[in-house]
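The figures that follow rest on heavy atoms only: side chains count, while hydrogens, waters and symmetry mates do not. Letters go in sequence order (proteins before strands), and every chain restarts at 1. Given the structure is predicted, the values throughout are model-derived calculations rather than measurements.
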Protein chains: 2
Amino acid sequence: MSSALFRALFAPRGVALYGASGDATKNTARPQRFLRKHGYTGTIAPINRTRREVLGERAYASLAEAPGDIDHAFIMVPPADVPAACDECFARRVPVVTIFTDGFGETGAAGRKIEERLVAGGRAAGTRLIGPNSIGLISTAPATALSVNASLELERLPLGPLGVVSQSGSLIGALLSRGAARGIGFSRLVSVGNEADLSVGELMDLLVDDAQTKAILLFLESLRDAGRIMRAARRAFDAGKPVIAYKLGLSSAGEALARSHTGALAGDDRAADAFFAACGILRVRNFEALIETAQLAIGQRPPRGRRVAALTTTGGGAAVVADPLGAAGAELVPPPPALAERIRALGVRVSDSPLIDLTLAGTRANVYGPVLEALLASAHCDAVLAAVGSSAQFHPQLAIEPILQARRRHAGKALAVFLAPEAPASLHLLAQAGIAAFRTPESCAQALAAFLSWRAPRTEVAPALSSFDIPQAPSQRLRSPDEPITIPFPVAIKIDSPDIEHKTEVGGVELGLRDAREAAMAAKRMLERVRAARPQARVDGVLAATMQQGLGEAILGYRVDPQVGPLILVGAGGTLAELYRDFALRLAPVTLEEAREMVAEVRGFAPLRGYRNAPLGDLEALARAVAEFSRLATRPEIAEAEINPLLVKKAGEGVVGVDALHVLRQGARDHGPAA
Amino acid sequence: MSSALFRALFAPRGVALYGASGDATKNTARPQRFLRKHGYTGTIAPINRTRREVLGERAYASLAEAPGDIDHAFIMVPPADVPAACDECFARRVPVVTIFTDGFGETGAAGRKIEERLVAGGRAAGTRLIGPNSIGLISTAPATALSVNASLELERLPLGPLGVVSQSGSLIGALLSRGAARGIGFSRLVSVGNEADLSVGELMDLLVDDAQTKAILLFLESLRDAGRIMRAARRAFDAGKPVIAYKLGLSSAGEALARSHTGALAGDDRAADAFFAACGILRVRNFEALIETAQLAIGQRPPRGRRVAALTTTGGGAAVVADPLGAAGAELVPPPPALAERIRALGVRVSDSPLIDLTLAGTRANVYGPVLEALLASAHCDAVLAAVGSSAQFHPQLAIEPILQARRRHAGKALAVFLAPEAPASLHLLAQAGIAAFRTPESCAQALAAFLSWRAPRTEVAPALSSFDIPQAPSQRLRSPDEPITIPFPVAIKIDSPDIEHKTEVGGVELGLRDAREAAMAAKRMLERVRAARPQARVDGVLAATMQQGLGEAILGYRVDPQVGPLILVGAGGTLAELYRDFALRLAPVTLEEAREMVAEVRGFAPLRGYRNAPLGDLEALARAVAEFSRLATRPEIAEAEINPLLVKKAGEGVVGVDALHVLRQGARDHGPAA
């Protein structure tokens with residue numbers, strides 16, 4: 001089934017074109033022109049009510065009249081005519097229909113309704129849809145250039161190992177154009193449009209099974225079907241095909257003011273980061289790094305560390321990569337003594353610097369190649385950066401040959417080549433050999449950093465964590481101020497009202513009440529104050545809790561993100577998590593090991609780690625609480641939950657939650673000191 | 001004088017070459033080859049003890065024998081022979097000597113000594129030096145390609161308005177090569193090497209006076225003569241020549257553990273940021289943005305706001321720029337209603353989005369051009385981003401002509417053009433017209449962000465600030481624990497010892513002592529504890545200070561940076577400034593207005609600004625304290641000073657310093673509650 005779908009998408013025996021123009025200068029004439037230009041050998045059937053011939057091809061008044069096996073229809077007619085065209089395709093049980101026409105789901109509810117009807121019709125007929133609002137798709141071998149994208153004016157489709165799935169139509173053209181100019185080739189490129197039917201994840205799945213695709217590139221605007229993407233990413237990983245993603249959203253500033261802090265915090269781009277990491281997807285933020293990083297990762301597995309060895313013939317040319325690379329968390333490592341000795345024996349000055357600067361001597365082939373080979377073969381680094389100076393511009397063959405040779409002998413380690421000058425011929429030679437080559441230092445640093453952060457997709461976390469409850473401060477609900485308090489003193493009290501969000505503002509919190517008398521008086525005053533300030537609010541009484549002392553505060557958050565699903569957050573306490581975005585975020589649930597990593601990522605816990613000789617906090621208990629809290633992911637009725645603050649006591653003394661909140665998925669709400 | 005120097009550097013009548021090889025394949029043969037290749041018309045005099053001819057040019061055994069006016073000598077002999085060669089030049093009073101040979105100041109003290117002697121000899125003879133360790137310099141018109149840099153193998157020197165001063169030798173080649181490939185040209189490029197004599201600042205000064213240079217580009221590894229750079233940058237600004245800098249140092253992680261926090265905090269790359277901002281220098285962090293940003297800024301003055309209008313024929317192509325641009329703090333603005341109406345009248349769909357997406361309609365010249373003109377002429381934005389899709393690749397003339405026309409009519413606003421596909425011909429057309437064009441979205445965003453942050457150089461701050469002392473908590477020095485305390489209670493005490501850095505660790509701090517008895521007992525216990533813990537430390541007694549209450553804490557720091565000079569820092573209190581690098585930094589002194597900007601930059605003051613309904617703090621008093629503290633810059637004897645914590649009270653109630661420290665420049669040290 002899926003291989004039939006694959007053929008209909010990328011190697012259809014016949015293609016029907018709805019709305020194909022006979023005027024070669026029109027955009028709607030392009031698919032027909034491009035198909036033929038790039039050597040499509042199947043049937044092309046323009047469907048046209050009035051013309052018998054379109055651009056030299058026999059045209060048909062309806063699909064029913066077109067002869068042969070039509071595996072794929074491409075629809076460019078005005079929105080109002082799309083349903084009728086689809087119906088013809090469904091009637092003939094055409095396996096795939098790609099809808100270029102826009103004005104559907106992306107315009108609102110009415111458009112989404114039409115999409116749904118089209119998808120239902122397709123399902124009944126066994127027809128799958130791409131789009132609407134898809135610019136089309138491109139397959140390089142056999143050539144099927146079924147797209148309106150003007151980039152197909154290029155002379156020859158660049159064949160190669162990269163499969164692209166894109167939520168932006170025009171950018172498949174930008175990738176194709178940039179790849180072609182660099183000697184980097186593609187297997188398939190698909191613009192998914194509105195994803196009414198075929199989604200990013202399903203297309204990824206098809207590319208996993210495609211022998212010509214060695215890496216999968218995603219250009220994303222949002223995550224529409226995260227679960228499917230994750231499953232496909234796992235399969236890709238198991239098949240040895242790296243997945244690289246570029247996603248917009250660095251500055252989708254307009255963050256909704258979610259009710260709980262956790263909601264607000266996790267609602268940003270970092271949820272996507274957590275998702276990609278969990279999927280084993282390499283995320284890049286430089287557009288061109290998308291195609292370049294693929295070449296870095298193909299044939300490799302995730303590295304163990306973040307250590308980079310660097311050699312160069314131009315000190316400055318390596319420094320402009322090393323500087324942002326270091327800032328991105330990679331570690332530049334000098335060769336270990338024995339290796340340094342061997343390199344010295346080649347006449348190279350090896351200093352303490354992690355950059356092995358061969359200077360002009362390095363332009364001799366008998367130096368650059370052997371040093372590069374030695375680094376590729378050495379276990380002291382996880383990747384190698386090779387920078388080349390002017391020789392790459394004027395003597396491409398001479399400059400690049402030692403790199404090609406070294407690569408042939410040692411393929412098992414990631415290698416990134418940066419060319420300091422403008423050196424298109426050298427870029428080409430490297431690309432042809434499948435070696436990642438970069439024309440900007442920032443993209444090179446970005447790709448290396450993404451590669452070094454690459455880890456295997458997370459496996460399903462078994463819920464069999466050791467049983468460990470998160471201790472909560474003793475608490476008691478008082479219906480009236482006179483009710484006797486049975487929990488230990490001193491206590492804090494706060495108003496118990498589902499209608500009051502910020503309790504401090506209305507005088508709804510009091511701390512440090514030492515005995516029953518103080519507490520009763522304070523509760524009475526509080527009820528009066530709050531009733532005066534918010535006469536409309538429902539007030540159920542007062543909540544009392546035993547005061548707690550800790551060395552530091554944390555916030556623990558859980559929420560089900562509409563895009564990526566359950567998320568667990570641990571952040572610095574007070575307002576730090578929010579002010580400094582100082583939190584760690586993962587898909588939930590997490591193992592204890594992952595929870596420890598999360599705790600280690602939070603900068604605000606530095607004092608608890610002994611920063612400036614502060615006493616150590618019980619971060620192990622905190623990690624256990626994180627892992628435990630993340631198990632809320634096994635309770636589908638809970639939409640959000642938060643413990644804030646969670647006090648962290650001295651090492652060995654545990655943690656204790658002071659206030660907790662959870663929100664049920666149905667919207668029912670339940671405040672209280674115990675989660 | 002300086003114009004004679006300029007001529008000797010860039011248009012010498014005759015050049016002597018020391019160490020020029022007769023073997024054309026040798027690196028040391030290059031300067032002679034390159035000079036002739038690129039059309040140098042003056043005398044070339046190879047100096048060679050043994051040969052009468054070098055590469056077809058008459059050679060001389062010594063400089064004394066060479067005829068004619070030798071304005072410039074280029075020295076490539078081994079290190080040991082450099083002083084003798086220089087002496088010959090000094091004897092003949094050659095105006096400029098450029099030393100390519102390395103192995104001097106960069107190798108240590110002995111090398112620096114030799115450099116100093118060379119500079120002294122030059123000074124006596126009226127000879128200026130470039131280098132040592134300079135790869136040479138290049139002037140395009142008249143052509144003087146006096147360098148070993150292999151980039152000069154290129155066919156023709158690209159003429160243009162960019163002057164480059166670089167601390168990296170090889171990267172002048174990378175810039176030249178990349179510029180040439182893009183159609184971006186240069187006036188002069190200088191590799192300064194060790195700057196033993198002629199420094200970056202002095203060369204900038206020469207370029208300010210050079211009619212062919214319209215923008216000055218700096219590639220920096222460190223700031224060696226910041227005062228001179230600042231003066232030159234001011235002159236450049238006044239002359240309407242933007243200065244753009246790329247500086248390494250994002251990850252010079254190995255930060256020295258400076259004694260006071262301020263030292264540690266300000267010791268990083270942000271001191272350079274503060275310096276560039278004060279100089280009116282645009283700083284970029286993408287290497288290629290160095291040449292691209294120059295084209296954006298030439299002919300412009302610093303903008304008033306950070307508002308960018310964007311139009312595009314490719315939604316995705318604009319989004320990949322807009323996303324990082326927004327993250328860098330720029331504001332994307334939609335057209336105001338009247339302008340939107342005019343754009344609609346051209347048949348363009350204008351939505352609420354700040355991106356004006358012309359879609360395929362935009363490829364018609366009568367749409368793109370008029371919309372661009374309207375944006376360039378409108379006051380609602382400070383810069384315009386114009387993105388172009390596939391048409392830039394296949395129809396450069398058609399795609400670019402409307403941009404050129406619009407630009408000709410409206411030159412007064414910054415314009416950045418991003419080309420989504422690989423489109424070298426379009427890049428060329430735009431570069432030739434002096435329009436900033438970008439081939440990566442990240443570089444485009446970076447350049448626009450740098451432009452939008454560009455402000456005029458700071459003027460000298462007159463020290464006539466209103467007299468405002470920073471209140472300090474009442475304090476008293478106790479020689480013995482029995483000495484009566486005369487300041488108000490409650491008090492805090494701490495050990496008074498010049499030898500104990502972290503007083504808390506040895507039990508040297510106690511808080512909240514309510515009366516004379518408590519204080520005396522605590523002081524006694526403290527002295528015993530400290531003597532036990534640190535028997536070797538000098539202990540002068542105990543310091544007492546009245547306890548203070550504030551809504552929040554700040555840290556105020558001052559230090560004289562060895563590179564950029566006096567710096568003033570205000571940061572969030574406690575450990576926040578250090579943990580989150582949450583501080584604002586400027587060259588000192590600052591005006592009250594600048595101090596207010598600094599306070600506004602510190603995220604940790606959010607609660608004092610009323611975040612989450614917290615009561616407002618006296619941030620105006622904090623700003624006054626910052627301005628006042630920055631006046632330490634007028635006291636050259638003070639090397640560092642710090643008030644930490646400085647408590648910020650309620651609005652209207654001021655600030656009060658609790659602990660202060662200053663370090664004298666001579667190393668003398670003075671701890672105490674008053675600065």
Q: Tell me, for Leu176(A) versus chain B, whether the close heavy atoms (under 4.5 Å) come from the side chain, the backbone, both or neither.
A: neither

Q | Residue pair Thr440(A) / Asn286(B), side-chain heavy-atom distance below 4.5 Å | A | no

Q: Give, for atom CD of Gln393(B) and atom OG of Ser151(A), the distance between the pair rounded to the nearest 0.5 Å.
A: 7.0 Å

**Q.** Heavy-atom pair of closest approach, residues Leu579(A) and Gly604(B)
**A.** CD1-CA, 4.1 Å

Q. Is a donor on one side and an acceptor on the other found under 3.5 Å between the side chain of Asp323(A) and the backbone of Gly249(B)?
A. yes

Q) For the residue pair Asn149(B) and Ser390(A), what are the closest heavy atoms and their distance? A) OD1-OG, 4.1 Å

Q: Not counting sequence neighbours, which residues clear side chain to side chain contact (heavy atoms under 4.5 Å, CB included) with Ala29(A)? List them please.
A: Ser21(A), Leu55(A)

Q.
On a heavy-atom basis, which atom in Thr314(B) and which in Ser170(A) lie closest, and how many Å separate them?
A. OG1-OG, 2.7 Å

(Q) Is Ala289(A) in contact with chain B via its backbone, its side chain, both, or neither, using a 4.5 Å heavy-atom distance? (A) neither

Q: Give, as side chain, backbone, both or neither, the part of Glu442(B) having an atom under 4.5 angstrom from any heavy atom of chain A.
A: side chain

Q | Toward chain B, the part of Pro424(A) with a non-hydrogen atom under 4.5 Å | A | neither

Q | Results of side chain to side chain contact (heavy atoms under 4.5 Å, CB included) for Arg439(A) - residues two or more places apart only | A | Arg178(A), Arg182(A), Glu288(A), Leu427(A), Glu422(B), Arg439(B)

Q. Ala445(B) versus chain A, heavy atoms under 4.5 Å apart: side chain, backbone, both or neither?
A. neither

Q | Exercise: identify the closest heavy-atom pair between Phe287(A) and Pro441(B) | A | CB-CG, 3.6 Å

**Q.** Region of Ser168(A) that comes under 4.5 Å of a non-hydrogen atom in chain B
**A.** side chain

Q: Hey, could you give me the CG/CG distance between Asp582(A) and Asp582(B), rounded to the nearest 0.5 Å?
A: 11.5 Å

Q) Of the non-hydrogen atoms in Ala150(B) and Phe394(A), which two are nearest, and what is the gap between them? A) O-CE1, 3.2 Å

